[in-house]
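Structure, as structure tokens:
In this chain, residues are counted from 1 in sequence order.
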Amino acid sequence: MMRIGCGYDAHCLVAGRPLILGGVQIEHETGLLGHSDADVLLHAICDALLGALGEGDIGRHFPDSDPALKGISSLLLLERVVALMTGKGYRLGNLDAVIIAQRPRLSPHIPAMRDRIAAACGAIPERINIKATTTEKLGFEGREEGIAAQAVALLCAVG
């Protein structure tokens with residue numbers, strides 16, 4: 001049996017926060033605002049996995065009202081979602097995701113993102129595809145007010 005899920009997340013950019021995408025800290029003058037590290041890519045991936053499992057969304061599992069999650073690494077959240085996935089008898093078939101940001105240039109960071117995501121998912125890197133695009137200065141991403149990400153995941157039953 002196979003299951004498909006999709007995920008989306010967006011956060012605004014602010015001064016005084018680190019920019020973390022795909023578990024990688026990227027040098028930039030602004031970072032993403034959020035209760036956790038605000039890693040939009042990992043949040044979209046978590047939602048894709050949770051959606052494929054029929055388990056709601058990241059807010060249901062990791063509410064921003066929980067003080068224990070303040071500043072938490074989204075890699076840890078992804079690992080918890082993957083534990084739920086494996087506990088329900090599934091493994092990652094493949095994952096495809098896109099980051100939507102005008103700046104900074106993300107292509108040099110994608111291999112490291114891919115490796116960290118693969119490790120957190122217990123998957124080989126070849127099952128993970130990460131892309132980045134701009135909006136040609138259109139919308140909140142193009143005005144550099146925020147960054148968004150979308151993800152699609154295919155899960156396969158184990159055994």
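Between the side chain of R91 and the backbone N or O of V158 there is no donor-acceptor pair closer than 3.5 Å. Side chain of T135 to main chain of G142: a donor-acceptor pair is present (N/O by atom type, distance under 3.5 Å, no hydrogens or angles). Looking only at distances, a side-chain donor or acceptor of R3 sits under 3.5 Å from a matching main-chain atom of A52. Side chain of R114 to main chain of I128: a donor-acceptor pair is present (N/O by atom type, distance under 3.5 Å, no hydrogens or angles). When atom types are taken as modelled, the side chain of D47 and the backbone of I58 share a donor-acceptor pair closer than 3.5 angstrom.
Linking Ile, Leu, Val, Met, Phe, Trp and Tyr residues whenever their side-chain heavy atoms come within less than 4.5 Å places I110 and L95 in a single cluster. No single ILVMFWY cluster, assembled from side-chain heavy atoms under 4.5 Å apart, contains both L106 and V98. Both L76 and V40 belong to a common hydrophobic cluster when Ile, Leu, Val, Met, Phe, Trp and Tyr are linked at side-chain heavy-atom distances under 4.5 angstrom. The hydrophobic clustering, which links ILVMFWY residues whose side-chain heavy atoms are closer than 4.5 Å, places L50 and I72 together. Hydrophobic clustering places M2 together with V152 (ILVMFWY residues linked when any side-chain heavy atoms are closer than 4.5 Å, directly or through intermediates).
In this structure, the side chains of L75 and D37 stay at 4.5 Å or more apart for every pair of heavy atoms. Counting only heavy atoms from C-beta outward, the side chains of Y90 and L49 never approach each other to under 4.5 Å. Between I124 and R127, some side-chain heavy-atom pair lies under the 4.5 Å cut-off. Counting heavy atoms from C-beta outward, M85 and L155 have side chains that approach closer than 4.5 Å.
Across every non-hydrogen atom of L19 and T30, the tightest pair is CB-O, 3.5 Å.
Considering L42, N129, V24 as possible partners of I117, the one that fulfils the side chain to side chain contact (heavy atoms under 4.5 Å, CB included) test is L42. The side chain to side chain contact (heavy atoms under 4.5 Å, CB included) test with C46 is passed by exactly one of L78, L84, L41, D9: L78. Q102 pairs in a side chain to side chain contact (heavy atoms under 4.5 Å, CB included) with only one of the listed residues (R143, E136, E141, E144), which is E144.
Sparse packing is recorded around CD of E27, with 12 or fewer heavy atoms of other residues, nucleotides or ligands lying under 6.0 Å away.
H35 and D64 form no side-chain donor-acceptor contact under 3.5 Å, judged by distance and modelled atom types alone.
Taking CD1 of I45 as the reference point, atom CG of D39 lies at 8.0 Å (rounded to 0.5 Å).
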